[in-house]
Trainee: 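What follows is a structure written as structure tokens; I'll ask about it next.
This structure is a prediction, so every number in the text was calculated from the model and none was measured. Lettering of chains follows the sequences in order, A, B, ..., and the numbering in each one begins at 1.
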There are 2 protein chains.
Amino acid sequence: MSKSKGHSWQSIQQEIILRITNRTWQPGELIPGEAKLANEFGCARATVNRAMRQLAESGLLERRRKAGTRVALNPVRKAVLHIQITRQEVEKRGGVYRHALLDRQIKTAPPYITSRLRLDQNTEMLHLRELHFSDNHPFIYEDRWVNLDVVSDIVKVDFDKISSNEWLVNNAPFSNCDIALSAENASKTEAEMLATTENKSIFINDRITWIGVSPVTCVRLAYAPGYRMLSSF
Amino acid sequence: MSKSKGHSWQSIQQEIILRITNRTWQPGELIPGEAKLANEFGCARATVNRAMRQLAESGLLERRRKAGTRVALNPVRKAVLHIQITRQEVEKRGGVYRHALLDRQIKTAPPYITSRLRLDQNTEMLHLRELHFSDNHPFIYEDRWVNLDVVSDIVKVDFDKISSNEWLVNNAPFSNCDIALSAENASKTEAEMLATTENKSIFINDRITWIGVSPVTCVRLAYAPGYRMLSSF
DNA sequence: TAGTGGTCTAGACCACCCT
DNA sequence: GGGTGGTCTAGACCACTAC
């Protein structure tokens, strides 16, 4: 009964996890309500609520009003990806960061970009191509389109001094982001950029950021072979 | 001043996001404390706390006792991956799911497995190889090792009826999970399994689950070409 | 319609850590 | 030392939904 004066929501959460991994409470089973557990643990209902709410958010519990709380039967567990600026990603791995601007043009965006961004065809956008290095080895080849209607200041920026990635994060707030991770065979260009061979398998991170319903930028990151994106929960 | 009787934590959160995207509160800037905002919004401090705490968890704010709350300068944004059983993943995409057991043996695990799982060398483990189909096309080729010390019941299961993935999720609770996503060129075996050609780029999901400090299972999922893992925030 | 979770309040104490 | 966020409480009302 764990009469352990578990007066913090973390300790209550631990106890709940214990009973699930214990199989005291089995998958699919209805577990006691907030009031009952608050009583048992000798704490306020809000404290139990905080513990259980977080477990429900992470997918381990399923809660419905009136129906009560169950141990999730087919838990959709949620893993967290930490999205940070490339410089920080390199430095966190212990590398020395450097970036190079390859190309910078204001031009009409191709239809496959404008349609994904829900912009009119023939919209003028800023197109950037950059290379990010770690210890002087190519790490990421970046191909980016920027919506000038939202980020008009960007035309004045000197991208030899700061990467577009870093400038945008600091100067172009966004509210939403769509991410698609995939694997592709390197094109000839990508292979040259990343100092590898054509058709080598590379990790692709396609990202679109939005502020409200307006697209801010759309970027394709091609990682040098061997990259592993880590996550845990 | 938004005198809009914003009496829910969600509406307060929206207002905070608005002021950040507005640049009313700029990156790095100190924003008013909980008490002050509670006063302004006409709600309890706990309500403001709930709104800001969640924004801090998602990386948009940085909070420290005494120092106050700032708009994150280099926000480490957190995207969420939804990890679900393969059958659900296929069905959610509108496909008809089927799986096939290719191989099942209890044998000594190779060192590259035991060392990752922090198990003794020469530990006997259950090795499984399975194929998951979507609309009768190969979707995932799965290579799995299971720790029999933790999941001893598994030796009795008939994996023609249920995939190891689904059985484990329902019967072997875990507390932690490490995920590594990468891109690799298909080996000859993988190419045959996934009905593609050797060296084709495929998306790899390497996963280890733990219960406390004990490894439960370690699995390598190789997705058929064209797979995209989606996420957003 | 009754029971459950979701949320809000007003107040309180505490841990942390900047000044 | 004092100001800030982190948390807990006891109570309340509401929304949803299984029954």
Trainee: When you get a sec, tell me which of C:dG5, D:dT9, D:dG6 is the closest nucleotide to the side chain of A:C43?
Mentor: D:dT9
Trainee: Check the pair A:R45 / A:E40 against salt bridge (Lys or Arg N to Asp or Glu O under 4.0 Å), numbers first and verdict last.
Mentor: CA-CA 11 Å; A:R45 183 166 79 93; A:E40 178 192 336; over 6 Å; no
Trainee: Given D:dA15, D:dA10, D:dG6, which nucleotide is nearest the side-chain atoms of A:A44?
Mentor: D:dA10
Trainee: Answer yes when A:R63 and A:E34 have at least one side-chain N-carboxylate O distance shorter than 4.0 Å, and no when they do not.
Mentor: yes
Trainee: Side-chain N or O of B:Q10 versus OP1/OP2 of C:dT7: is the shortest distance under 4.0 Å?
Mentor: yes
Trainee: From the options C:dT9, D:dA18, C:dG6, select the nucleotide whose nearest atom is closest to the side chain of A:A67.
Mentor: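 Looking only at heavy atoms from C-beta outward on A:A67, the closest nucleotide is D:dA18.
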Trainee: More 5' along DNA chain C: A:R63 or A:K66, using each one's nearest nucleotide?
Mentor: A:K66
Trainee: For the pair made of CD1 in B:I31 and C1' in D:dG5, what is the distance, rounded to whole Å?
Mentor: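 One finds 12 Å between C1' of D:dG5 and CD1 of B:I31, rounded.
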Trainee: Reading DNA chain D from 5' onward, which residue's closest nucleotide shows up sooner: A:R65 or A:A46?
Mentor: A:A46
Trainee: For A:I12, does its backbone N or O pair with a side-chain atom of A:E15 as donor and acceptor, under 3.5 Å?
Mentor: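 No, the answer is negative, given that no donor and acceptor are paired below the 3.5 Å cut-off.
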Trainee: Find the distance B:L37:CG to C:dT9:P and express it as a whole number of Å.
Mentor: 14 Å
Trainee: Measuring to OP1 and OP2 of C:dC8, would you say a side-chain N or O of B:R50 lies under 4.0 angstrom away?
Mentor: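 Checking B:R50 against C:dC8: no side-chain N or O falls below 4.0 Å of OP1 or OP2.
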Trainee: Quick one: which of C:dG6, D:dG6, C:dT9 gets closest to the side chain of A:E34?
Mentor: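 For the A:E34 side chain, the nearest candidate turns out to be C:dG6.
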Trainee: Does D:dT7 have OP1 or OP2 under 4.0 Å away from a side-chain N or O of A:S8?
Mentor: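 A:S8 to D:dT7 OP1/OP2: no side-chain N or O under 4.0 Å.
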Trainee: Rounded to whole angstrom units, what separation is found between the CD atom of B:Q54 and the C1' atom of D:dG5?
Mentor: 17 Å
Trainee: Would you mind reading off the distance between B:L30 atom CG and D:dG3 atom P, rounded to a whole angstrom?
Mentor: 15 Å
Trainee: Return the value, rounded to whole Å, for the distance between atom CG of B:N39 and atom P of C:dG11.
Mentor: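 Taking CG of B:N39 and P of C:dG11, I get 13 Å after rounding.
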Trainee: After noting the C-alpha distance and the side-chain angles of B:E91 and B:R87, does the key distance pass the salt bridge (Lys or Arg N to Asp or Glu O under 4.0 Å) rule?
Mentor: CA-CA 6 Å; B:E91 288 169 353; B:R87 179 172 59 74; 3.2 Å; yes
Trainee: So, OP1 or OP2 of D:dG5: does either fall under 4.0 Å of a side-chain N or O from B:T69?
Mentor: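 Yes.
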Trainee: At less than 4.0 Å, is any side-chain N or O atom of A:R64 found next to OP1 or OP2 of C:dT4? Yes or no.
Mentor: no
Trainee: Once you measure the plane-to-plane angle for B:F159 and B:W167, does it fall in the parallel (<30°), tilted (30-60°) or perpendicular (>60°) bin?
Mentor: perpendicular
Trainee: Indicate whether any N or O donor in one side chain lies under 3.5 Å from an N or O acceptor in the other, for B:S134 and B:R93.
Mentor: no
Trainee: Take the protein atom CD of B:E62 and the nucleotide atom P of D:dT4, then report the distance between them rounded to whole Å.
Mentor: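 Rounded to the whole Å, the gap is 18 Å.
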Trainee: Rounded to whole angstrom units, what separation is found between the CZ atom of B:R45 and the P atom of C:dA12?
Mentor: 13 Å
Trainee: Taking only N and O in the side chain of A:R53, is any of them less than 4.0 Å away from OP1 or OP2 of C:dG5?
Mentor: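 For A:R53, the contact criterion (side-chain N or O under 4.0 Å from OP1 or OP2 of C:dG5) is not met.
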Trainee: Could you check how far CD1 of B:I12 sits from P of C:dT7, rounded to whole Å?
Mentor: 13 Å
Trainee: Does a side-chain N or O from A:N49 land closer than 4.0 Å to OP1 or OP2 of C:dG6, or not?
Mentor: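 Result: yes.
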